[in-house]
A.B. asks: 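Pasting a structure below so you can have a look.
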Amino acid sequence: MTLEEKLYNWFGYSSFRPGQKEIIEEIEKGKDVFAMLATGGGKSILYQLPAFTHASGLTLVVSPLISLMENQVQELKANGLKRVTSITSTLTFSEKQERMARLQEWRLLYVSPEMLNAPTFLERLKAQPIHLLVVDEAHCVSQWGHDFRPDYLDIGEKRLQLGSPPCLALTATATPTVREDILKHLHMDSKRTSLFCHSMNRPNIGLFVEHVQGEEDKKSRLLDIHSHFRGPMMIYTMSRMVAEELAVWLEEQTTVRVAAYHGGMEAQERLMIQQQFINGSLDVICCTSAFGMGINKPDVRCIIHYHIPADLESFVQEIGRAGRDGERAASIVLKAPYDEDRPEGMIYHTYPPVETIKHLLMMYVEDNQTAEQLLAAWDEEEELYGRQIVYALKRMGWFDSDDQLYTANIERMAAHLSKWVEERIANRLQKLAVMKKWLYATTCRREMLVKEFNETAGQNSECCDVCGAEWPEVAVKKDLKVSEKGWRDRLQQLLGE
DNA sequence: CGACAGAACCGTAAGGTTCTGTCGGTGCGTTACT
């Protein structure tokens, strides 16, 4: 059976999208593959097809968000592909046991890197031949792994323990440095890995940066932008509070249907807002970086950065959510003078101060605690610090087999940890510096952006403000809020006020 | 680390200056199988 026939029989598609077939062929040969494909470019079929059509074995997918896993599982099941599941913390203990007991039945299993790192789970998994290990959103290995979710850095080691199955790393955006980082941490041999890198450039998204004086200017520009674009928009801010305040303010000032979205909100509410935006019953989302992964809405016309992101990769990820339908769209950064220094505070805030490191190490010495006991002593706000430190210590090999810390040389450990923190901060400040440089670009912004990804810009229908481009004209839609309000009123009348 | 809001201070009062406290992103896991 040809690949096309398999595709039709199992998924009902009559042809592949550009680039898909070549990648699947490499996977079927058992090779390691790194694939950078534009979002919405059909990444999941790359491993789903081999997973179901291959004679035997399990395809293990490591995915960053539980909601993404659940979406995928639901979608496949709805298409009649039943031998797929996920194992996550949302399940009860017995549900987890039940799904693990049926490992040989599943063709496709979705898990988080943290779950993969759980010893009991890994032991069960080792008994099962793994046909392919997929790392979805692989940029998270580099972007989140080094401090926020350290388990990401262990996927490569777990891969070895699972008998080194072939590995497929998937992402939409990765700079050359991030790419190398991913290959290194997943133990993919760069000489023997097939690389498929489609351009990250999105020619239909115009790039604009506006240097404004302060909050008032930003807000008045928001109104201008809103009345120009009309269509669905996303507004990124750096704080949860600002996201909420902006949503309220826009609601008062305009007729737009708007909601806030950030990581501090209830999961159910987040899900609801996400769906309302996707199905068109919300026009604008004021959000933090929590919003976006897995959002595949074709007609987003404008991405506004009310605050600047801390690096260009995040920026590219975020603006990439505009214009998926190929129609004209825009990225607009509103930058006030002090904005460029804002992320710096956040970067420092992420890592434990040197005194904290020493304090933690002294606690180890005095109480002779294990890593787990020590982590339990940290309160929630400091949990991240505690985890970073414990993780760094583990990496440096300073725990014995009983999870006890070697306490021979605390001063030396503290020095090493401080150096590690300094390097992380320096690394992120460096990335921020590139972001700042881009904001002050005096030559074509697109050229500069794609150059960071080792590409050239080529033909673009929209360019940037430096090149003299204007906001793209987009089809003006009807004023949605008015009809929505009418609908609400009618419903209220039906319900008897 | 650093921006900002609000309180405290100065004092003819009013409004300006200084001080203090608060705020700042992304998510997973967490229980025990016979």
Side-chain angles (χ1 to χ4, degrees), chain A residues 62-70 86-101 110-124 137 139-155 214-215 236-245 260-265 267 270 286-294 305-311 313-315 317-318 336-354 371-373 375-376 378 380-381 383-384 386-388 390-391 421-422 425 428-429 431-432:
Chain A
V62 182
S63 171
L65 302 182
I66 292 174
S67 62
L68 287 188
M69 301 186 215
E70 285 174 352
S86 61
I87 297 180
T88 68
S89 63
T90 57
L91 304 174
T92 63
F93 183 68
S94 58
E95 283 172 324
K96 268 188 243 174
Q97 291 293 346
E98 195 256 349
R99 290 186 190 186
M100 277 194 239
Y110 289 86
V111 295
S112 68
E114 288 81 2
M115 188 59 84
L116 190 62
N117 237 346
T120 48
F121 177 72
L122 190 74
E123 283 311 310
R124 299 292 280 276
E137 309 286 355
H139 58 276
C140 294
V141 171
S142 178
Q143 206 161 294
W144 283 358
H146 292 286
D147 37 61
F148 180 54
R149 289 176 71 178
D151 296 270
Y152 257 106
L153 298 187
D154 284 340
I155 300 175
E215 296 297 299
Y236 277 102
T237 76
M238 234 191 62
S239 93
R240 295 171 173 185
M241 218 170 62
V242 173
E244 289 187 4
E245 284 168 2
Y261 184 106
H262 57 71
M265 290 161 51
R270 287 174 63 167
C286 301
C287 56
T288 61
S289 56
F291 190 72
M293 226 189 276
H305 281 89
Y306 195 83
H307 293 140
I308 64 165
D311 51 68
E313 291 134 82
S314 309
F315 179 69
Q317 285 269 345
E318 286 162 7
Y338 54 84
D339 277 352
E340 63 196 69
D341 295 324
R342 245 181 232 273
E344 203 172 306
M346 190 108 89
I347 291 170
Y348 284 108
H349 182 73
T350 308
Y351 300 93
V354 178
E372 272 61 35
Q373 286 166 334
L375 273 182
W378 289 71
E380 236 172 86
E381 275 185 28
E383 190 212 349
L384 201 55
R387 287 181 48 177
Q388 286 168 8
V390 168
Y391 191 83
V421 166
E422 273 169 29
I425 290 177
R428 292 182 59 175
L429 289 178
K431 288 184 168 191
L432 177 61

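Below, read A as the first sequence line, B as the second, and so on, with proteins coming before strands; counting in each chain starts at 1.
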A.B. asks: Applying a 4.0 Å non-hydrogen cut-off, can you work out what A:Pro309 is touching in the nucleic acid: base, sugar-phosphate, or nothing?
C.D. replies: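 Nothing: the residue A:Pro309, judged by heavy atoms under 4.0 Å, touches no strand.
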
A.B. asks: Using a cut-off of strictly less than 4.0 Å, decide whether A:Ser289 has a side-chain nitrogen or oxygen near OP1 or OP2 of B:dT26.
C.D. replies: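 Looking at the OP1 and OP2 atoms of B:dT26, neither is under 4.0 Å from any side-chain N or O of A:Ser289.
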
A.B. asks: Any side-chain heavy-atom pair from A:Thr120 and A:Met100 closer than 4.5 angstrom?
C.D. replies: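 Side-chain contact under 4.5 Å: no.
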
A.B. asks: How would DNA chain B look in dot-bracket form, 5' to 3', counting Watson-Crick and G-U wobble pairs with both distances under 3.5 Å and writing | for bases paired to another strand?
C.D. replies: ((((((((((....))))))))))..........

A.B. asks: Mind calculating the distance between OH (A:Tyr152) and C1' (B:dT26) to the nearest angstrom?
C.D. replies: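 Taking OH of A:Tyr152 and C1' of B:dT26, I get 11 Å after rounding.
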
A.B. asks: Of the nucleotides B:dG27, B:dG25, B:dT31, which has the atom closest to the A:Lys96 side chain?
C.D. replies: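 Ranking B:dG27, B:dG25, B:dT31 by closest atom to the A:Lys96 side chain puts B:dT31 first.
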
A.B. asks: Give me the distance, rounded to whole Å, that separates B:dA14 from B:dC9 when you measure between the C1' atoms they each carry.
C.D. replies: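 14 Å, rounded to whole Å.
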
A.B. asks: Taking A:Tyr236 for the side chain and A:Phe291 for the main chain, is one N or O donor matched with an acceptor at less than 3.5 Å?
C.D. replies: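 Yes, A:Tyr236 side chain to A:Phe291 backbone: donor-acceptor pair under 3.5 Å.
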
A.B. asks: Within this structure, what is the CE-to-C1' distance between A:Met115 and B:dG27, rounded to whole angstrom?
C.D. replies: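 My rounded result for the distance is 13 Å.
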
A.B. asks: Assign A:Tyr338 to base, sugar-phosphate, or nothing according to its heavy-atom contacts below 4.0 angstrom with the strands shown.
C.D. replies: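 Contact class for A:Tyr338: sugar-phosphate only.
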
A.B. asks: Under a 3.5 Å distance rule, please check whether A:Glu95 uses its side chain to pair with a backbone N or O of A:Thr92 as donor and acceptor.
C.D. replies: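 Yes; judged by distance alone, with no hydrogens or angles, the pair exists.
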
A.B. asks: Figure out the CG/C1' separation between A:Asp147 and B:dC28, and round it to whole Å.
C.D. replies: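 Going from CG in A:Asp147 over to C1' in B:dC28 covers 15 Å.
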
A.B. asks: For B:dG25, does either OP1 or OP2 sit under 4.0 Å from a side-chain N or O belonging to A:Ser314?
C.D. replies: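 For A:Ser314, the contact criterion (side-chain N or O under 4.0 Å from OP1 or OP2 of B:dG25) is not met.
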
A.B. asks: Side chain of A:Ala290 only, heavy atoms from C-beta on: which candidate in B:dG25, B:dC28, B:dT26 is closest?
C.D. replies: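 Looking only at heavy atoms from C-beta outward on A:Ala290, the closest nucleotide is B:dT26.
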
A.B. asks: With rounding to whole Å, what would you report as the distance between B:dG24 and B:dC28 at their C1' atoms?
C.D. replies: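 Result for the C1' pair: 22 Å, nearest Å.
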
A.B. asks: Within this structure, what is the CZ-to-C1' distance between A:Phe121 and B:dC28, rounded to whole angstrom?
C.D. replies: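 After rounding, the gap between these two atoms is 14 Å.
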
A.B. asks: How about A:Thr90 and A:Met69: do any of their side-chain heavy atoms sit closer than 4.5 Å?
C.D. replies: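 No; the side chains remain at least 4.5 Å from each other.
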
A.B. asks: Under the 5.5 Å and 30° test, is A:Phe148 stacked on the base of B:dT26?
C.D. replies: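 Yes, A:Phe148 stacks on the base of B:dT26, since the ring centres sit under 5.5 Å apart and the planes are within 30°.
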
A.B. asks: Taking C-beta and beyond as the side chain, do A:Glu245 and A:Thr237 meet within less than 4.5 Å on heavy atoms?
C.D. replies: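 Of all side-chain heavy-atom pairs linking A:Thr237 with A:Glu245, none is under 4.5 Å.
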
A.B. asks: Give me the distance, rounded to whole Å, that separates B:dT26 from B:dT30 when you measure between the P atoms they each carry.
C.D. replies: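 It works out to 22 Å between them.
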
A.B. asks: A:Arg124 side chain: which of B:dC33, B:dG27, B:dG29 is closest?
C.D. replies: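 Selected nucleotide (nearest to the side chain): B:dC33.
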
A.B. asks: Is there a donor-acceptor pair under 3.5 Å between the side chain of A:Arg149 and the backbone N or O of A:Pro64?
C.D. replies: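 Yes: the side chain of A:Arg149 pairs with the backbone of A:Pro64.
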
A.B. asks: Within the pair A:Arg342 and B:dC1, is there a side-chain N or O less than 4.0 Å away from OP1 or OP2?
C.D. replies: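 Negative; the distance criterion is not met.
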
A.B. asks: For A:Phe93, answer base if it contacts any base atom (sugar-phosphate contacts may also be present), sugar-phosphate if it contacts only those atoms, and nothing otherwise; contact means non-hydrogen atoms under 4.0 Å.
C.D. replies: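 Base contact - A:Phe93 has a heavy atom under 4.0 Å of at least one base atom.
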
A.B. asks: Side-chain donor or acceptor of A:Thr350 under 3.5 Å from a matching atom on the base of B:dG25?
C.D. replies: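 Donor-acceptor pair under 3.5 Å: yes.
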
A.B. asks: Output the single nucleotide from B:dC1, B:dG24, B:dC28 whose closest atom is nearest the side chain of A:Ser112.
C.D. replies: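 Per side-chain heavy atoms of A:Ser112, the pick is B:dC28.
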
A.B. asks: Any side-chain heavy atom of A:Leu116 sitting closer than 4.5 Å to one from A:Asp151?
C.D. replies: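 Result no, sub-4.5 Å side-chain heavy-atom pair not found.
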
A.B. asks: What's the OH-C1' distance between A:Tyr110 and B:dG27, to the nearest Å?
C.D. replies: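 Distance check: A:Tyr110 OH to B:dG27 C1' gives 19 Å.
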
A.B. asks: Please determine, for the side chain of A:Asp341, which listed nucleotide (B:dG25, B:dA3, B:dG27) has the closest atom?
C.D. replies: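 Per side-chain heavy atoms of A:Asp341, the pick is B:dA3.
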
A.B. asks: Provide, to the nearest angstrom, the distance between the CD atom belonging to A:Glu215 and the C1' atom belonging to B:dC4.
C.D. replies: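 For the pair A:Glu215 CD and B:dC4 C1', the rounded distance is 10 Å.
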
A.B. asks: What contact category does A:Thr92 fall into here, base, sugar-phosphate, or nothing, at under 4.0 angstrom with non-hydrogen atoms?
C.D. replies: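 Since a base atom lies under 4.0 Å of A:Thr92, the category is base.
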
A.B. asks: Rounding to a whole Å, what distance do you find between A:Ile347:CD1 and B:dT26:C1'?
C.D. replies: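 So the CD1-C1' distance, A:Ile347 to B:dT26, works out to 14 Å.
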
A.B. asks: Using the P atom in both, what is the distance from B:dG6 to B:dG11, to the nearest Å?
C.D. replies: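 Comparing P positions in B:dG6 and B:dG11 gives a spacing of 26 Å.
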
A.B. asks: Please check the phosphate of B:dG27 (OP1 and OP2 only) for any side-chain N or O of A:Arg270 closer than 4.0 Å.
C.D. replies: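 So the side-chain polar atoms of A:Arg270 do come within 4.0 Å of the phosphate oxygens OP1 or OP2 of B:dG27, strictly under.
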
A.B. asks: Given B:dC33, B:dG24, B:dG29, which nucleotide is nearest the side-chain atoms of A:Gln97?
C.D. replies: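 The closest nucleotide is B:dC33.
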
A.B. asks: Whole-Å distance between B:dG24 P and A:His349 NE2?
C.D. replies: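 These atoms are roughly 8 Å apart.
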
A.B. asks: Provide the distance between the two P atoms, one in B:dG21 and one in B:dG27, to the nearest whole Å.
C.D. replies: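 B:dG21 and B:dG27 have their P atoms separated by 32 Å.
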
A.B. asks: Got A:Gln97 and A:Arg124 here, is their nearest side-chain heavy-atom distance under 4.5 Å?
C.D. replies: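 A:Gln97 vs A:Arg124: side chains touch.
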
A.B. asks: Using modelled atom types and a 3.5 Å cut-off, is there a donor and acceptor pairing between side-chain atoms of A:Arg99 and backbone atoms of A:Ser86?
C.D. replies: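 Yes; judged by distance alone, with no hydrogens or angles, the pair exists.
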
A.B. asks: Using heavy atoms to find the nearest nucleotide of DNA chain B for A:Met238 and A:Pro113 separately, return the residue whose nucleotide is more 5′.
C.D. replies: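 Looking at DNA chain B, the more 5' nearest nucleotide goes with A:Met238.
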
